Every structure is written in C-alpha cells, then in structure tokens.
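Down below is the structure, laid out as structure tokens.
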2 protein chains.
Amino acid sequence: MATIRDVAKLAGVSVATVSRVLNQNGYVNEETEKRVRQAIKKLNYKPNEVARTLFKKTSKTIGLIVPDISNPFFPELVRAVEDVMNIYDYTVILCNSDEKNEKEKEYMEVLKQKYVDGIILTTNQLELDEVSEINVPVVVLDRPLNHSFPSVIADNYGGARLATRHLYEIGCRRIAHIQGPSHVVNAVERFNGYRDEMKELGLWDERLVILGNYQLKQAKEAVLQALKEYDIDGIFAGNDAMAVGALKAVQQLGLRVPEDVAIIGYDGIPLTEMTTPELSTISQPIYEMGAIAARILVKKIEGKPLEQIHYVLPVELIERQSTRKGERK
Amino acid sequence: MATIRDVAKLAGVSVATVSRVLNQNGYVNEETEKRVRQAIKKLNYKPNEVARTLFKKTSKTIGLIVPDISNPFFPELVRAVEDVMNIYDYTVILCNSDEKNEKEKEYMEVLKQKYVDGIILTTNQLELDEVSEINVPVVVLDRPLNHSFPSVIADNYGGARLATRHLYEIGCRRIAHIQGPSHVVNAVERFNGYRDEMKELGLWDERLVILGNYQLKQAKEAVLQALKEYDIDGIFAGNDAMAVGALKAVQQLGLRVPEDVAIIGYDGIPLTEMTTPELSTISQPIYEMGAIAARILVKKIEGKPLEQIHYVLPVELIERQSTRKGERK
DNA sequence: ATACTTCATGTAACCGGTTACATGAAATAA
DNA sequence: TTATTTCATGTAACCGGTTACATGAAGTAT
C-alpha cells in the first residue's frame with residue numbers, strides 16, 4: 001500500500017503539497033498538481049482513512065442500533081438509513097441490541113471509541129443520564145425516547161385511533177386489540193389510541209384487550225383463547241406479525257375473515273400483502289422514517305441547524321380484504 | 001476525552017507502562033498497575049480505537065456486502081454474521097450493493113481504506129481479477145463466486161432435485177418451475193437441479209419453465225399466464241417470494257392449493273409460515289450459513305488454518321399444507 | 001523604490017495509540 | 001564475587017495522514 005510519502009517522493013514534492021492536491025485546498029501550481037496526480041495514479045494510491053480519522057476526529061461512519069434486524073420491520077428502515085448515509089459518503093455500522101440495555105451500552109461505547117460521527121438509535125431503554133453523557137450526535141428513531149434528542153416517529157396514537165375507527169365503520173362493534181409488549185413505548189401509544197377511540201365510540205370493554213408480545217405465535221394462541229371466551233367481531237393487532245397470528249387463529253376456528261371477524265394490522269410491512277386474505281393495516285412510512293432520521297443526523301454532524309427536532313410522520317390506512325366492507329355481513 | 005498521556009501523567013508513569021497495563025503484556029509492577037488502573041477509572045479513560053488501528057493495521061471491523069437487506073432472505077443472514085462477529089469483538093459495516101458491480105467495487109474500496117479486517121461478500125458479479133487484487137480476507141456467502149475464496153453456500157442443486165421429487169411423490173406430473181434471474185448463480189443451479197430431476201423422471205418439458213426475477217409480483221403474473229396456457233399440477237418456485245406469487249395466482253384463478261396445484265418454495269424464510277395454506281419449502285440453514293461464514297472469516301483474519309474451504313450445507317424439505325399429500329386428489 | 005499581497009512549497013508538529021530499544025535495579029547462577 | 005537473567009520502566013520513533021507556520025518568489029499598490 002502506497003502512502004502519501006511515496007507519492008510525494010515520486011512527484012518530487014513534499015507531503016503537504018500532495019495533501020493539498022488531495023483536499024483541494026491551499027495553493028498548488030497547475031504543473032505540480034499534474035505531477036502529483038500522475039504519481040497518485042501510477043502508485044494506485046488511496047489515502048488511508050484511518051490516519052485521516054485520527055487527525056480530523058471524524059470517521060465518515062455512523063452507528064445504527066436496532067433491536068433486531070430479523071424483525072421484518074427493520075430491514076427497510078436500515079436500508080433507508082444506509083441509502084441516505086451512502087449519498088453523503090458515510091458508512092453504517094449495524095448493531096443488534098435485542099432491546100437489551102447492556103448490549104446497547106456496550107455498542108455505544110464501542111462506537112464512540114471508533115470515532116463514529118453519529119448514532120441512530122431505536123430503543124426505549126436507554127435512560128436519560130446514560131445517553132446524555134454521550135458526546136456524539138444522536139437521533140432517536142421509531143420510538144420516542146425523550147426530549148433532548150432529535151427524533152423521528154410515526155403517529156402511533158393517531159394510527160391506532162384510525163384503525164379502531166375503521167373497524168367500527170365497517171360494522172364491527174366488539175373490537176379487540178392485541179397489545180404489544182408494555183415496555184415498548186409505541187405499543188403503549190397504540191393501545192392508548194385504541195382505548196380512547198373505543199371510549200369515544202362507547203364500546204370500551206377492557207376484556208377485549210389481548211396481551212401480545214409482537215410475535216406471531218404468541219398472538220395466535222392468545223387470540224384462539226380470546227375468541228373462545230368472548231364475542232369478538234373485529235381485531236386490531238398492535239403490529240402486522242400479530243395480525244397474521246390473529247388471522248391464523250380465526251381461520252383455525254373455522255371463522256371467516258372479514259365476514260365473521262375483521263382484522264387490521266399495524267406497520268405496513270410487505271408481509272401483509274402475502275397473506276390470504278390480504279391484510280388491512282396502518283402503514284407507517286418506514287423508508288421515509290429511516291431516510292429522515294439519516295438526513296437529520298447528517299445535519300447534526302455537519303453542525304447545521306435543524307428546522308425541526310421532533311418529527312411525527314403521518315400514517316395511512318391501507319384497506320385490503322381483511323376488512324373489506326362489502327364482504328362483511 | 002482523556003488520552004493515554006493524561007492517564008500516564010496522573011499515575012506518574014510513562015505512556016508505555018499504561019499501554020502495558022492496557023494490553024497485559026510486558027512487565028508491570030503490581031503497585032504500578034494499581035495506580036494506573038485507578039487513573040484510568042478516575043479519568044474514565046477509553047483507548048482510542050482509531051489510533052490503535054492506525055498502528056496495528058487491524059480495526060476489529062469487517063464489511064458485509066449484501067444485495068439488499070430488505071430482501072427477506074438476508075436479515076437472518078446478516079443477523080448471524082453480526083452475532084458471531086460480536087462474540088469476537090468485531091463490528092460490522094453493512095453495505096447494500098443491489099447486485100451492482102459498481103456499488104460493490106466502491107464499497108470494497110471504501111472498506112479497504114477503512115482498514116476493515118475482512119469482508120463477507122454475497123455476489124455473483126465481481127470478476128476474478130477485481131477480487132484478487134483485494135488484499136483483505138474475503139469469504140463468499142450464499143453464492144458460489146469462484147475457486148480462490150472460502151465460500152459458504154447451501155446445496156442448491158440438491159435442494160432443487162429434492163423439491164421436484166417431492167412434488168412428483170405427492171402425485172404431480174406436470175411440474176412447472178419458476179426460475180430466478182439467470183445472472184444469479186444459485187438460481188441457475190436450482191434450475192439445473194429441477195431440469196435433471198425432471199429428465200430422470202421422464203417429465204421434462206421446457207415449456208414448464210417460467211421466467212421469474214425472484215419477486216412476488218412478477219412471478220404471480222408469469223404464473224397466471226402459464227396456468228392459462230399449460231396444464232400444470234405442481235409448481236416449484238425458485239424462492240419463497242415467488243412461491244407466494246404462484247399461490248396468489250393459483251388462488252386468483254379459483255384453483256385449490258394443493259388439491260389442483262401443489263406449490264413448493266425455496267429458502268425457508270419465515271414468510272412461508274404466514275400464508276394460507278402454509279407453504280412447503282426447501283429450507284436453507286440461513287442463520288448457520290451466516291454464522292459459519294463469520295467464523296471462517298475470523299479464522300482467516302487471525303491467520304489460522306481452515307479445515308475446509310468450501311462449505312456446502314445441506315438443505316431440508318419442509319412439508320406444509322401447500323404440498324400435503326392427503327389433501328391432493 | 002518600498003511595502004504589501006498573492007502564490008507556491010516545504011518543515012515539522014500533531015492526532016493517540018504501540019513497541020523497539022535502552023537503562024538500571026534486583027535476583028539468581030557460576 | 002562476577003556474570004547473567006529477570007523485572008520494571010522510560011524514551012522516542014512510528015503508523016499515515018493534516019495543517020500551522022516559515023520561507024521566498026512574483027505581482028501590484030503606493
């Protein structure tokens with residue numbers, strides 16, 4: 001591997017001059033520049049990013065901490081972040097935290113030691129004091145963490161009300177909700193939206209709340225149970241995976257979707273188009289969330305002012321077969 | 001941020017001694033070590049990885065290049081790589097190539113400049129000369145690239161024969177194959193397996209080969225077309241997404257799965273359990289593939305000998321409703 | 001003619017670690 | 001008692017870039 005000193009020697013100039021050519025700053029004579037560029041080409045010289053990082057204290061690298069990339073919500077988010085950061089010549093270190101505080105903290109530490117220029121974080125866990133001692137730009141994604149950091153989330157509360165009202169409008173009156181894990185903030189907000197909408201509709205009945213953990217299997221079991229115990233004609237699942245679980249439970253009991261039980265999910269992951277019947281869902285602008293978070297982070301890194309600190313993106317009702325009006329009795 | 005010199009000063013020793021304590025090499029007096037550790041704690045000193053990397057030429061970071069993380073085959077693979085590398089204290093830079101030669105080359109270049117210790121590559125494209133000039137350990141994953149690099153793949157050919165024979169055994173005689181894109185090596189191998197098995201069964205008919213591009217939508221359209229033109233009673237899809245496309249096409253035409261047309265996919269992604277009927281598939285040990293690739297890479301990085309260079313992992317037939325024997329006429 | 005810019009380039013310190021080498025004390029061997 | 005090891009620590013070069021500062025030539029304003 002050629003170094004800047006090799007280039008300097010070959011071109012008959014000092015390293016400073018080579019550096020000037022490389023970074024296009026300072027004065028360099030045209031002829032000299034030509035010689036330097038030739039030397040660079042001849043030696044196939046590529047500047048060592050690590051040396052540059054050490055001096056400049058900026059690595060053109062960011063950290064992205066997600067709970068679990070194999071959870072189908074995250075790949076698109078990660079992809080968006082990578083795409084945008086790539087445009088700005090940043091590279092992305094991917095970290096899976098499994099929502100574990102310990103892993104998150106370890107990763108934060110490692111990322112800092114590697115001089116990442118910023119971190120995008122998807123978590124509920126990190127407590128204020130821990131995060132605030134981080135002297136690296138941070139953007140919080142998908143889950144509202146706390147005040148001080150810029151954040152990008154979707155309108156969980158509003159989306160939940162939308163889903164609930166939709167079920168009501170197609171004729172459901174006994175609308176159950178499969179709740180996500182209570183330590184996940186957005187799951188709680190969705191529950192709140194459901195509860196408030198149900199109260200407003202005069203349909204609230206706490207027995208219609210089914211506990212889920214965002215996983216298909218557990219949701220399926222829970223719904224099987226619930227369907228036996230209570231009269232239910234609509235299910236609003238806290239995420240799409242649980243909606244599939246609900247779908248399977250309903251079908252297993254020989255009930256029809258949406259005729260007997262209508263189902264709507266939440267997130268809008270591609271999966272919802274693959275089931276039969278296709279699932280209605282509240283679609284979050286997943287890609288856009290990732291892209292915005294990335295753009296905000298770049299701005300913070302570059303020290304530019306943010307027009308806005310907290311982004312709450314609108315969600316959208318996607319009506320598919322699992323809640324089709326005409327198909328309900 | 002405290003540096004090693006701050007620690008040295010506080011502990012009243014030289015930087016060399018601090019470094020010795022940090023790296024547990026060389027002689028250090030017990031008392032001295034204690035003082036140094038106290039200073040480290042007091043200053044909350046964390047060594048600067050970048051400086052270390054510059055000198056040692058090893059960054060404890062690897063690059064992972066995949067076509068597209070939002071393709072549902074890859075999240076699990078990526079997760080496996082990250083998990084294993086994490087154990088060995090490596091960090092993973094994720095790159096999406098979209099199978100584009102240009103992006104791959106750019107990423108390779110950037111990764112090298114960042115002194116990554118190794119690269120895991122999922123590609124068909126990179127030509128021999130380009131890759132061989134890379135002086136970083138490389139492991140090829142999922143797709144056989146060429147001889148010189150260690151590789152981890154699953155038995156595509158064998159899996160395809162297995163799938164085809166399975167359809168035969170449950171009674172299918174007009175077995176179609178939805179082929180993946182011809183520039184993807186594993187798609188070609190799956191096709192070869194299908195073709196050879198069909199020939200051996202005396203069922204080969206090239207009109208039964210349907211062109212797909214690994215995407216659901218395109219496969220659905222192609223299958224709709226094919227079902228109208230030819231008599232087909234079984235479909236072996238080159239991947240699971242296309243199997244879902246086939247399922248939708250068959251259902252749209254009012255045919256039953258598996259009674260009229262049996263369907264089997266390939267890959268074994270979680271999605272196959274979410275459809276109705278659930279999809280039979282040839283399951284690749286996705287997580288294991290990623291994990292093995294990561295372990296091989298670590299060995300190469302550490303200069304240890306590999307027991308084996310090319311790993312071809314066995315695949316497994318997962319029989320679900322879409323090919324259930326009893327349910328076929 | 002003198003002073004001040006602008007242009008062009010080089011020297012060397014610096015970023016924050018690691019380590020080869022030097023130095024010397026204490027312990028052990030001959 | 002002297003020679004050799006082992007233990008303990010420090011000095012300074014090095015990794016490969018960047019840049020503050022110095023130097024000097026050429027151009028131009030006064």
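Not measured: the values here are computed from a predicted model. FYI, side chains are in, hydrogens and waters are out, and symmetry mates aren't considered; it's all heavy atoms of this structure.
- Using a 4.0 Å heavy-atom criterion, one finds that Ser19(A) contacts the bases of the nucleic acid, with or without backbone contacts as well.
- For dG10(C), the OP1/OP2 oxygens have a side-chain nitrogen or oxygen of Ser14(A) closer than 4.0 Å.
- Taking atom NZ of Lys46(B) as the reference point, atom P of dG16(C) lies 16 Å away to the nearest angstrom.
- For the pair Lys57(B) and dG16(D), the criterion of a side-chain N or O lying under 4.0 Å from OP1 or OP2 is met.
- Listed pair Asn23(A) / dT18(D) meets the phosphate criterion, a side-chain N or O lying under 4.0 Å from OP1 or OP2.
- Taking only side-chain nitrogens and oxygens, Thr32(A) comes nearer than 4.0 Å to OP1 or OP2 of dT9(C).
- Considering only side-chain N and O atoms, Tyr27(B) lies under 4.0 angstrom from the phosphate OP1 or OP2 of dC7(D).
- Between Lys56(A) and dC14(C) there is no side-chain N or O to OP1 or OP2 distance below 4.0 Å.
- For the OP1/OP2 pair of dC15(D) and a distance below 4.0 Å, the side-chain nitrogens and oxygens of Asn48(A) include no atom meeting the criterion.
- Within 4.0 Å of Val50(B), counting heavy atoms only, lies no atom of the nucleic acid at all.
- For the 3.5 Å distance criterion, the side chains of Thr61(B) and Lys114(A) qualify, holding a donor opposite an acceptor.
- Listed nucleotides dG16(C), dT19(C), dT9(C) differ in distance to Val28(A); the shortest reach to its side chain belongs to dT9(C).
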